[in-house]
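The structure appears right after this line, and notes come after that.
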Amino acid sequence: MTDNTQRPASGQNSTPELPTQYTPAEVEGQLYERWVERGYFEADAKSDKPAYTIVIPPPNVTGSLHLGHAFQHTLMDALTRRKRMQGYESLWLPGMDHAGIATQNKVEQQLAEEGKSRHDIGREAFVERVWQWKEEYGGRILGQMRRLGDGVDWSRERFTMDEGLSNAVQTIFKKLYDDGLIYRAERIINWCPRCLTAISDIEVDYQDDDGELVSLKYGEGEDTVVVATTRAETMLGDTAVAVHPDDERYRHLVGRRIKLPLTDRTIPVVADSHVDPAFGTGAVKVTPAHDPNDFAIGQRHNLESITVMDERGIITVHGPFQGLDRFEARSAIVGALREQGRIVAEKRPYVHSVGHCSRCSTTIEPRLSLQWWVKVEPLARAAGDAVRDGRVTIHPKEMEKRYFDWVDNMHDWCISRQLWWGHRIPVWYGPDGQQVCVGPDEKPPAGEGWTQDSDVLDTWFSSGLWPFSTLGWPDRTADLEKFYPTDVLLTGHDIIFFWVARMMMFGLYAMDGVVPFHTIALTGLVRDEFGKKMSKSNPNSVDPLDWMDAYGSDAVRFTLATGANPGADVPIGEDWVKASRNFANKIWNATRFALMNGASVEGPLPEPEKLSATDRWILSRLNRVVAEVDAYYEDYQFAKLSDALYHFAWDEVFDWYVELSKTTFLKGGEGAQVSGRVLGEVLDVMLRLLHPVIPFVTETLWTTLTGKESVVVADWPKDSGFRDPAAEAEIGEVQRVVTEVRRFRSDQGLQPGQRVPARLTLDGTLLAPHEDAIRQLLRLQPEGEGFNATATLPVAGAVVALDLSGTIDVAAERKRLAKDLAVAEKEKADTTRKLGNEAFLAKAPEPVVAKIRTRLATAEADIARITAQIAALPEA
RNA sequence: GGGCGUGUAGCUCAGCGGUAGAGCGCCGCCCUUACAAGGCGGAUGUCGGCGGUUCGAAACCGUCCACGCCCA
């Protein structure tokens, strides 16, 4: 096809070639590559313009674009594109995180297919393999972001494992270590027996599983106690039974030792006020090595911790259960206890909440383990305070509570992972138990016996540095000076704890208390058209690329933007994407029509005195919409702004302005020229307003309309302040008449295109100047010889008399009028009742009362008019 | 168990103190020379239930019911 974005620069009067249908798939890719080639998205740190910065919440290197990304990217793109147009040095910085567990899993799978494990090839070779994997398969999402139209600065693309970012990781680790905010401790952590690593609290997904609750009798003779558990296998590691100190039932047992079944051990009964006497029997078994609460009890009572499983969840305790995995052991142990008559109650299924690894869904095993931790209290407090004192705003505000609940109750963060892919912990251990943390510029201790910690850091440890590590920190780079703090962090509300809180903590800490962004804009989740959650495991999951190919990226983007109510979930369905595609096509054709009728952006807009009321009306509306859209942008109201533009474009510009102007264009001459200039202005502004949301179609149309280089670098429209309420009222009357008569025509069964002779009596009304347009819109012919008004429609002070050449459908007309009369009478009754209410008159504000009075007057006039019409109707 | 949120047209959602709205879907007529991915017209709601506050409640308060989410 011809390249329809090109237009001869001198060809002001040549009719640009636009096909009758917009075919996005053919042009979007080229447009995007051109934008990138021209460097529109590359930000200049030396620019004098004020900076506007958004760093992308780094997607996972193993991932691909899903609708959630498409959604958030659309919004970030809209924000940065608008600011660029407003004259900011706009930077949207892309990149990915290295996704420690996920990526390592991918490569381990590859190795497994070759019959190898990572241990077979060794750490160094393994890490090399991961880099190879990344080169080959990683970052699929980056290409998909181009397809979506993301206006990111590719020259600044970052990856958390890059040298610079790794340097940042090591720097902050050392700083935290030196400040005593990183420490090593043995605690219960969330252990994934499949990934073979610790994971943090937020990487655990809880779900209700069918389990079993068995009540076990511990002890012998009189010294017995019944405890309930869902994890019978851990009883091998029990080192106490705990009861509440005030619990009379067990007071006699406290301090005594009882026999632990299936073992040759005895365990103490301890009193601990954290035990809930109302739950179960009020006595609980205590396994400090396999349960966080039990660990806490163990600490308080100096209990021994006995680990009964290995890292894969296999029982290691000598005896009949050794070698069984934890679930096999559970039933074996319950069986053995049953034989001994120690099972006093069983509840099966017992639905309870069980933690699963968010990466592989394996049931988490709480495990006692030596790990590295971040002491979060001071960091989290600072992160909370930044929001409390208003330096950072959360949109929508209702989400603040969730943020505070998190940062104010945050547990220390386990940051070490038993993986090979990631930032290795920069701590070295000496032959005599020394421990040295090494900064990026320092050499590790030399000599015999020094070894580096074998663990790597949680991926989020590096992602948390993203807003400044990507800009060059710890160096005071020009980028950092120019673009930090960033402006907005936009992400899903489900991710507050992952990105938001961590970036806040690290940003404030590393950047001397300067917040990483002043605004946190939180979105909901994308759902299917029935409001059901979309997930990879659900069949309702949609690949946004399929929709982009079928309907264009603009259509997907517009649909998502239109659904973006602050903080609320966004449902999306194919029908809605189609509707957005239709909108794009509508804009396409309207612009095409405009260009065929001499729409122009040349020269200044004529003075208001030279404009028709129709022109002044649309310009007045246009400027109101500019102001409205700006206000919505400032409040992150993407649904509202998209909706406002949709309705302005379609319901006002296309359905009325263009239609009303057709007669002017047909007549030609100066009037047509003026309207062409106005139409050009309206489209020019409208396309620029729409561009951040639907960049592709607007680019093609705007460059064709204006002959300029690109709307990407066009100026954002400004409200000129022009308002013309009189013209707005006048066109409102025109719309009323046209709609009324159309209704009549439709009720009378007239075909839409059928010409009808009519006499218009418009003298003394606002409609007088619009007779031609009204006749055009209503397909009314001039009254000819022998005109015979068979229907007379009084509306808006005017009279439209029609000659339907013969009898009209009196029944239809009577029905229509009866309906109108009923509406008017109800209105009269409602308003009369209000005005008859003393309390209302006394207490309601004057404008409200006045409004009701006007409504009553209108209703009465309508009733009189309609009644007269009905009376004038011939007998059926 | 604790906290938060939501129940408005067939579906998905706006509206959050003064005449119940949108998109999609539905019904009827129409290829009116920009667009059938379109035009014109139309129908559709005890605004979850009950109680209260108010001159006035979809909106505010209480309560119940039903869903959803987060945390434990």
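In the text below, chain A, chain B and the rest are named by the order of the sequence lines, each starting its count at 1. Since we're looking at a predicted model, the values are computed, not measured.
Here Asp569(A) lies out of heavy-atom contact (under 4.0 Å) with every strand. Counting any heavy atom pair closer than 4.0 Å across all strands shown, Arg581(A) reaches a base atom. Residue-level contact check: Asn409(A) touches neither bases nor backbone, having no heavy atom under 4.0 Å from any strand. Residue-level contact check: Glu740(A) touches neither bases nor backbone, having no heavy atom under 4.0 Å from any strand. Among the atoms of the strands shown, only primed sugar atoms or phosphate atoms (P, OP1, OP2) are found under 4.0 Å from some heavy atom of Gln751(A). Residue Glu827(A) is classed as a base contact, given a heavy-atom separation below 4.0 Å to a base. Note on Lys819(A): only backbone sugar-phosphate atoms sit closer than 4.0 angstrom, heavy atoms only; bases stay farther off. Counting non-hydrogen atoms under 4.0 angstrom, Ala639(A) reaches nothing in the nucleic acid. Phe583(A) comes within 4.0 angstrom of no nucleic acid atom, judged by non-hydrogen atoms across all strands. Base engagement by Pro845(A) is indicated by at least one non-hydrogen atom pair under 4.0 Å involving a base atom. Base contact: Lys586(A) has a heavy atom under 4.0 Å from a base atom. If you check every strand for non-hydrogen atoms under 4.0 Å, Arg855(A) touches a base. When heavy atoms are screened at a 4.0 angstrom cut-off, His493(A) is found touching no nucleic acid atom at all. Lys578(A) comes within contact range of no nucleotide atom at all, as no heavy-atom separation falls under 4.0 Å.
Listed by chain and number, the residues in a salt bridge (charged side-chain N to carboxylate O under 4.0 Å, His left out) with Arg187(A) amount to none (sequence neighbours excluded). Remark: Asp643(A) engages no residue in a salt bridge (charged side-chain N to carboxylate O under 4.0 Å, His left out) (not counting sequence neighbours). Glu634(A) is linked by a salt bridge (charged side-chain N to carboxylate O under 4.0 Å, His left out) to Arg82(A), counting only residues two or more places apart in sequence or in another chain. Scored by the salt bridge (charged side-chain N to carboxylate O under 4.0 Å, His left out) test, Asp820(A) finds Arg743(A) as partners (sequence neighbours excluded).
Rounded to whole Å, the separation between the P atoms of U63(B) and A14(B) comes to 25 Å. As rounded to the nearest Å, C40(B) and A22(B) have P atoms that lie 15 Å from one another. Here the separation of C16(B) from G7(B), taken at their P atoms, is 13 Å to the nearest Å. Between C64(B) and G23(B), the distance separating the two C1' atoms is 33 Å to the nearest Å. Going from the C1' atom of C67(B) to that of U19(B) covers 32 Å, rounded to whole Å. As rounded to the nearest Å, C50(B) and G42(B) have P atoms that lie 33 Å from one another. Comparing A43(B) with A36(B), their P atoms are spaced 27 Å from each other, to the whole Å. One P atom belongs to G62(B), the other to C4(B), and the distance between them is 12 Å to the nearest Å.
Trp656(A) and Asp651(A) get closest at one heavy-atom pair: CD1-O, 3.0 Å.
The shortest distance between side-chain heavy atoms of Tyr632(A) and Phe638(A) does not fall below 4.5 Å. The closest side-chain heavy-atom distance from Asp655(A) to Glu659(A) is not below 4.5 Å. Tyr22(A) is listed as a side-chain neighbour of Asp554(A), based on a closest heavy-atom distance under 4.5 Å.
Mapping Lys826(A) and Glu398(A) onto RNA chain B by nearest heavy atom places Glu398(A) at the nucleotide closer to the 5' end. Take the nearest nucleotide of RNA chain B for Arg755(A) and for Ala839(A): the residue whose nucleotide is more 5' is Arg755(A).
With 3.5 Å as the limit, one finds a donor-acceptor pair spanning the side chains of Arg402(A) and His493(A). Side-chain contact check for Thr663(A) and Gln776(A): no donor-acceptor pair (N or O, by modelled atom type) lies under 3.5 Å.
The backbone N or O of Gln754(A) sits nowhere less than 3.5 Å from a side-chain atom of Arg779(A) that would complete a donor-acceptor pair.
In RNA chain B, stems built from 3 or more consecutive Watson-Crick or G-U wobble pairs, each with both distances under 3.5 Å, span B:1-7 with B:65-71, B:10-13 with B:21-24, B:26-30 with B:38-42, B:48-52 with B:60-64.
With a cutoff of under 4.0 Å to any heavy atom of chain A, the contacted region of RNA chain B is bounded 5' to 3' by G3(B) to A72(B).
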